[in-house]
> 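What follows is a structure written as structure tokens; I'll ask about it next.
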Amino acid sequence: MSSLAAARYGKDNVRVYKVHRDEKTGTQTVVEMTVCVLLEGDIETSYTKADNSVVVATDSIKNTIYITAKQHPVTPPELFGSILGTHFVEKYSHIHAAHVNIVTHRWERMEVDGKPHAHSFVKPGAETRDVQVDVIEGKGIDINSSIKGLTVLKSTGSQFWGFLRDEYTTLKETWDRILSTDVAANWQWRRFTGLPEVQAHFEKFNAAYDAARAITLKTFAEDNSASVQATMYKMADLILAAAPLVQTVEYALPNNHYFEVDLSWHKGLKNTGKDAEVYAPQSNPNGLIKCTVGRAGQKAKL
Ligand SMILES: O=c1[nH]c(=O)c2[nH]c(=O)[nH]c2[nH]1
């Protein structure tokens, strides 16, 4: 005999666009999101006994996402996710947890003749602002906020030397290299007791996002990087200092390599070391460096 060990279900990839029209100024502001809501609770019989009476249809979940987006602010996404998740737990007595994932796509206001345009926008690449909101009945709301797909490159100000050398090592030490990565940064908030507490702290979510993004970019640009590891730790440390309600900060940074191309075989062309100008960007393999940084006394799991 088998038994259901875990189950959750819901609607994924619900694409939502919301416009805010400022009637006074004529300026419009848009938000585009991709939402996933998964529910947990007393739903076992729907799997084991074909009992659909416990199933809130995923189609109804999709409808609820649209209705909630119409009736409430969709920013910050941490608050919208908390409102949405709390709805399911409070509305259905047999649903005990709602897991909401929101990917917010960037639409940046267009500049036309040097002025911000009232209703036209540009998508500046693949970067998104993501949140995972877990509303758990009787426990509270866990929120993880993140930046994904922020691709950056610096053409100098990065080194990598002093690493372990043995019979497997071919990499040369370098005091000047290109550093490029696709930033995935996330920060876990301390648990909130419920929606009222999330609402009470709502300004902190955009502030933490703005700080995390600015710290990531400034540290990347200004640090004379000894390694991806050392630079990402500095970023995480600064975010923890900027956002007191954040418990841990996590980075996952691929090292997008740019290799020197030796052209000396062609008429002695100098293109290595200090003469390197033309490089070959690599797609794979790539380094992948991760860390989770917590506050002192709250040691990360190694
Ligand atoms: O910043 C780096 N960290 C590494 O661990 C590593 N390994 C490697 O080959 N190059 C790099 N660069």
Side-chain angles (χ1 to χ4, degrees), residues 124-130 144-188 208-209 211-243 246-265 269-296 298-302:
E127 184 189 347
T128 56
R129 172 179 175 176
D130 300 1
N144 192 282
S145 306
S146 53
I147 296 169
K148 295 265 167 63
L150 168 61
T151 300
V152 289
L153 177 146
K154 66 195 293 187
S155 52
T156 188
S158 166
Q159 320 182 7
F160 188 60
W161 49 270
F163 49 88
L164 188 154
R165 297 202 83 83
D166 60 14
E167 66 276 27
Y168 292 96
T169 312
T170 53
L171 186 71
K172 286 197 193 123
E173 296 186 309
T174 178
W175 282 261
D176 186 7
R177 66 174 181 175
I178 293 163
L179 184 60
S180 176
T181 188
D182 312 311
V183 176
N186 64 72
W187 48 101
Q188 179 72 45
Y209 169 78
R213 194 168 186 279
I215 286 166
T216 300
L217 295 180
K218 184 174 162 68
T219 310
F220 180 82
E222 293 183 351
D223 186 37
N224 186 7
S225 174
S227 64
V228 174
Q229 286 90 331
T231 300
M232 76 205 300
Y233 184 80
K234 289 181 188 176
M235 293 172 177
D237 182 53
L238 288 167
I239 294 173
L240 283 172
V246 166
Q247 277 184 329
T248 53
V249 177
E250 201 174 327
Y251 274 90
L253 301 181
N255 192 355
N256 298 334
H257 305 296
Y258 285 68
F259 286 174
E260 286 188 2
V261 187
D262 184 351
L263 298 173
S264 60
W265 54 272
L269 262 185
K270 289 184 178 165
N271 192 52
T272 56
K274 65 176 179 27
D275 299 310
E277 289 176 295
V278 173
Y279 293 78
Q282 305 293 300
S283 309
N284 53 59
N286 59 273
L288 177 60
I289 320 288
K290 296 184 175 198
C291 71
T292 305
V293 182
R295 297 186 184 279
Q298 178 206 327
K299 212 165 168 34
K301 277 184 218 146
L302 296 176

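Whatever order the structure lists them in is the order used to number ligands and atoms, beginning at 1.
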> Anything under 30° is parallel, anything over 60° is perpendicular, the rest tilted; go ahead and classify Y209 against W187.
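Correct class here is tilted.
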> Is the closest basic N to carboxylate O distance between E260 and K172 below 4.0 Å?
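Not counted as a salt bridge, because no side-chain N and carboxylate O are separated by less than 4.0 Å.
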> Step through the shown structure and confirm whether more than 12 heavy atoms of other residues, nucleotides or ligands are within 6.0 Å of CH2 on W265.
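Open.
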> Nearest heavy-atom pair of T231 and A226: which atoms, and what distance?
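It is OG1-N, 4.5 Å.
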> Evaluate Q229 for polar contact with ligand 1, using N/O atom pairs at a separation under 3.5 Å.
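Yes; at least one N/O pair falls below 3.5 Å.
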> Can an N or O of L171 be found at a distance shorter than 3.5 Å from an N or O of ligand 1?
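L171 vs ligand 1: no N/O contact under 3.5 Å.
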> Among all the protein's non-hydrogen atoms, which is closest to atom 11 (C) of ligand 1, and how far away is it?
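Nearest protein contact, heavy atoms only, for atom 11 (C) of ligand 1 is F160 CE2, 3.3 Å.
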> What are the atoms of ligand 1, with element, lying closer than 4.0 Å to any heavy atom of S227?
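It comes down to these atoms of ligand 1: 1 (O).
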> Please tell me if the side chains of T216 and Y251 come closer than 4.5 Å, counting only heavy atoms from C-beta onward.
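Yes. Closest side-chain heavy atoms under 4.5 Å.
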> Mark up the atoms of ligand 1 that fall under 4.0 Å of a heavy atom belonging to V228, in ascending order.
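It comes down to these atoms of ligand 1: 1 (O), 2 (C).
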> Counting both backbone and side chain atoms, is some N or O of R177 under 3.5 Å from an N or O of ligand 1?
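Yes; at least one N/O pair falls below 3.5 Å.
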> I want to check something: taking the side chain as every heavy atom from C-beta on, are R177 and N255 in contact at a cut-off of under 4.5 Å?
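A side-chain contact under 4.5 Å exists here.
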> Is ligand 1 less than 4.0 angstrom away from at least one heavy atom of M232?
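Outside the 4.0 Å threshold, so no.
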